[in-house]
Amino acid sequence: MLAILGGSGLSQLSSLDHIRRTTVATPYGEPSGPLAFGRVGGRELVFLARHGEAHTIAPHQINYRANIWALKEAGATQIASVATVGGIRREFGPGVLVVPDQILDYTWGRASTFFEGAGAKVTHIDFTEPYSAGLRGRILAAAAACGEALAARAVYATTQGPRLETAAEIARLERDGADLVGMTGMPEAALAREAGLEYAALAVVANHAAGRGESTHSISLERIEVVLAQSMDRVRRILVQLAAG
Ligand code: HPA
């Protein structure tokens, strides 16, 4: 079953035929909200709003372990994560949709593994390719079927937030090889890999990153809202096509 983890601007999947909502408890505490099960083209899928249904959970306070655990328990085998990001590379301006293929992790202090705690065996996962190639391909194919152009490669840097970055931090991220910057990509992707779930992200560029393009001197939060509102219908269409396909 496909799971969709919705980010900022996507707290509901309104095109979903809702079947049921369930609140679940996990050994790691509560996920961000109830799981919403629905059907698209006869196929069941599950939706979870990463920041909570009322958008009240900040990126560093999300219980990533509970979210991934809950989706796995619910029967998810693949997670399409919708992520709002800032664009570092010039061509990644507001409204561009991207399926990243690599990750840099600058987060700290987040519970970032299932493999810890009393008696847990030290376990390492391979993370050379952090996203599932198969699911990335299916997202790209779904977008093509909808006539939506997606950028197929990018390095996604995950920062701690909730504040946005300084211009100097963005310059450093660019030197490190980052193309996009967001706050929720990690540890979500690594936990999905630990849990044995396919995971890929559909990133929505909401703004030029700090110091770039129209964000040379500041980032307009109002403009971010407008861009997200304009972009999410395209994202929903791609997700519905992905779910049905
Ligand atoms: N930085 C980090 N996260 C973001 C940004 C940004 O510029 N825009 C949307 N999410």
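We count residues from 1, following the sequence as given. Start at 1 and go down the list; that is how both ligands and their atoms are numbered.
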For residues 119-126, please give each side-chain donor-acceptor pair under 3.5 Å, one per line with the distance, not counting sequence neighbours.
| from | atom 1 | to | atom 2 | distance (Å) |
| --- | --- | --- | --- | --- |
| T123 | OG1 | K121 | O | 3.0 |
| D126 | OD1 | T128 | N | 3.3 |
| D126 | OD1 | T128 | OG1 | 2.6 |

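- Heavy-atom neighbours of E30 CD from other residues, nucleotides or ligands within 6.0 Å: at or below the threshold of 12.
- The closest donor-acceptor contact from the side chain of R110 to the backbone of Q160 lies under 3.5 Å.
- Closer than 4.0 angstrom to ligand 1 by heavy atom are T84, V85, G86, L164, E165, V181, G182, M183, N207, sorted by chain and number.
- Although no hydrogens or angles enter the test, the distance criterion places no donor-acceptor pair under 3.5 Å between the side chain of S132 and the main chain of A200.
- One hydrophobic cluster, built from ILVMFWY side chains closer than 4.5 Å, cannot hold both L191 and L104; they sit in different ones.
- A donor-acceptor pair under 3.5 Å is absent between the side-chain atoms of R89 and the main chain of L180, judged by distance alone.
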